[in-house]
Visitor: 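Please find one structure pasted underneath; my questions will follow.
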Protein chains: 2
Amino acid sequence: MARARTTSDVFNAIAEPRRRQILELLAVRGALAVGTLVVLLGHPQSAVSKHLGVLRKVGVVAVVKQGKQRVYRIDAAHLKTVHDWVKPFEQLWDHHLARIKALAERRAQEQTFVPNPQQQKGPS
Amino acid sequence: MARARTTSDVFNAIAEPRRRQILELLAVRGALAVGTLVVLLGHPQSAVSKHLGVLRKVGVVAVVKQGKQRVYRIDAAHLKTVHDWVKPFEQLWDHHLARIKALAERRAQEQTFVPNPQQQKGPS
DNA sequence: ATATTATAGTCCGATATGGGAATATGTCAA
DNA sequence: TTGACATATTCCCATATCGGACTATAATAT
């Protein structure tokens, strides 16, 4: 098996910096035609279209034909997926949990509970 | 150029589902030795170690030697990067912005302002 | 010193990029 | 119809995986 498809997941889709940049622009300006994005980003049209293609397949952006242009806008629902995932980690940096972390670290030793030590293959 | 390194970015690091799973476990249990993770995840030790390696290089986890075990814990600061990035998009789904989106879409037409139409190569 | 345990790292192979160039498709205009 | 414009798609290629099997390294026990 190789690396996962960029179109398999929002997480994979936003791993690419340029794709994130596109989303940022769409968020700020509301909706943009490909040509506008090409100008704003300064990347070749080919690249922009391909990135938009990935974002489209994942569902994080939606298109609307408008004459010969295609206007893209964000479909934030899928970004919410990412948000919902990181959100729970918030507490780990929000509060000064440094001390609690240290505590957990010490506790990890006794808790290590390795039921089946040195197991090379996963269980059925 | 090919795909970006998984170690280049937190975004790239968390693109992998198993890596996300590891972070979830570490968040809940506080800190865990590799062996424990191997058991909990059911993946071969080799794979777990490699994923931990990626997370380590990105800085989202930290290790502490404890005898012959290595106890990993989350270093949430780097996850905050992701959080800070998606956060601004929150408003796009929080409120029923459907109408506003539609408005922006219509507005996009006039606003399309393509200063240099059909530009295959990016500017210097 | 030697064996054992806990992890990390290497080698291999199949696969999915992402960029550039060129081309295809689709839409409107004359 | 023919042509120009806006986008999407295809080709080619260098590269970075991810998993599995195996090996190397480190720490502890005997």
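Keep in mind that what you see is a predicted model, and the values were worked out from it rather than measured. Just so we're on the same page: letters track the sequence lines, and every chain starts at 1.
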Visitor: Run the side chain to side chain donor-acceptor pair (under 3.5 Å) test against Arg20(B) and tell me which residues pass, sequence neighbours left out.
Guide: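 Arg20(B) satisfies side chain to side chain donor-acceptor pair (under 3.5 Å) with no other residue.
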Visitor: Between Arg3(B) and Asn12(A), does any side-chain donor sit less than 3.5 Å from a side-chain acceptor?
Guide: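 Judged by distance alone, the side chains do pair up.
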Visitor: Counting N and O atoms only, with roles assigned by atom type, does the side chain of Thr81(A) sit under 3.5 Å from a partner on the main chain of His78(A), one being a donor and the other an acceptor?
Guide: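 Yes: the side chain of Thr81(A) pairs with the backbone of His78(A).
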Visitor: Write down the protein N/O and nucleotide N/O pairs, taken from nucleotides 26-30 of chain D, whose separation is under 3.5 Å; answer none if there are no such pairs.
Guide:
{"residue": "dA27(D)", "atom": "OP1", "partner": "Lys65(B)", "partner atom": "NZ", "Å": "3.4"}

Visitor: Between Leu32(A) (CG) and dT7(D) (P), how many Å, whole number?
Guide: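 Whole-Å distance recorded here is 11 Å.
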Visitor: Any side-chain N or O of His51(A) under 4.0 Å from OP1/OP2 of dG19(C)?
Guide: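 Indeed, a polar side-chain atom of His51(A) lies that close.
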Visitor: If you measure from CG on Leu79(B) to CD1 on Ile14(B), what distance do you get to the nearest 0.5 Å?
Guide: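 These two atoms lie 6.5 Å from each other.
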Visitor: In this structure, how many angstroms lie between the C1' atom of dA8(D) and the CD atom of Gln69(A), rounded?
Guide: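 Value for this atom pair: 15 Å.
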Visitor: Would you say the side chains of His51(B) and Arg18(B) form a donor-acceptor pair under 3.5 Å?
Guide: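 No, no side-chain donor-acceptor contact under 3.5 Å.
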Visitor: Does Tyr72(B) make a side-chain N or O approach to OP1 or OP2 of dA6(C) shorter than 4.0 Å?
Guide: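 Negative; the distance criterion is not met.
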Visitor: To the nearest Å, how far apart are Gln21(B) CD and dC18(D) P?
Guide: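 Value for this atom pair: 15 Å.
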Visitor: Start at the 5' end of DNA chain C and walk down; is the nucleotide closest to Leu52(B) or to Ala47(A) reached first?
Guide: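 Per heavy-atom nearest nucleotide, the more 5' residue is Leu52(B).
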Visitor: Without swapping roles, check the side chain of Arg73(A) against the backbone of Ala62(A) for a donor-acceptor pair under 3.5 Å.
Guide: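 Between the backbone of Ala62(A) and the side chain of Arg73(A) there is no qualifying donor-acceptor contact (under 3.5 Å).
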Visitor: Would you compute the distance between atom CD of Glu24(B) and atom CD1 of Ile74(B) and round it to the nearest 0.5 angstrom?
Guide: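 The CD atom of Glu24(B) sits 9.0 Å away from the CD1 atom of Ile74(B).
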Visitor: Using the salt bridge (charged side-chain N to carboxylate O under 4.0 Å, His left out) criterion, which residues pair with Lys50(B)? Sequence neighbours excluded.
Guide: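 Salt bridge (charged side-chain N to carboxylate O under 4.0 Å, His left out) list for Lys50(B), sorted by chain: empty.
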Visitor: Whole angstrom is fine here: how far is it from CG in Leu55(B) over to C1' in dA8(C)?
Guide: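 The distance from CG of Leu55(B) to C1' of dA8(C) comes to 15 Å, rounded to the nearest Å.
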Visitor: In whole Å, I'd like the distance from the CD atom of Gln45(A) to the C1' atom of dA24(C).
Guide: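 My rounded result for the distance is 12 Å.
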Visitor: Can you name the salt bridge (charged side-chain N to carboxylate O under 4.0 Å, His left out) partners of Lys87(B), sequence neighbours left out?
Guide: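 For Lys87(B), the residues satisfying salt bridge (charged side-chain N to carboxylate O under 4.0 Å, His left out) (neighbours in sequence not counted) are Glu90(B).
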Visitor: Got a second to check how far Leu37(B)'s CG is from Gln21(B)'s CD, nearest 0.5 Å?
Guide: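 Reported value, rounded in 0.5 Å steps: 10.0 Å.
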Visitor: Looking at Ser49(B), does any N or O in its side chain come under 4.0 Å of the phosphate oxygens OP1/OP2 on dA8(C)?
Guide: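 Affirmative; the distance criterion is met.
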Visitor: Looking at Arg70(A) and Lys65(A), would you say the former's side chain and the latter's main chain have a donor-acceptor pair under 3.5 Å?
Guide: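 Absent.
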Visitor: In terms of the nearest nucleotide of DNA chain C, which residue is placed more toward the 5' end: Thr6(A) or Gly53(B)?
Guide: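 Taking each residue's closest nucleotide, the earlier one in sequence belongs to Gly53(B).
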Visitor: Tell me which residues in residues 8-19 of chain A put a heavy atom below 4.0 Å from DNA chain C, sorted by number, or none.
Guide: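 DNA chain C contact set from residues 8-19 of chain A: Glu16(A), Arg18(A), Arg19(A).
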Visitor: Rounded to the nearest Å, what distance is computed from the NE2 atom of residue His43(B) to the P atom of nucleotide dA21(D)?
Guide: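 Going from His43(B) (NE2) to dA21(D) (P), I get 15 Å.
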Visitor: Scan nucleotides 10-15 of chain C against the protein and return all N/O pairs shorter than 3.5 Å with their distances rounded to 0.1 Å.
Guide:
{"residue": "dT10(C)", "atom": "O4", "partner": "Lys50(B)", "partner atom": "NZ", "Å": "3.4"}

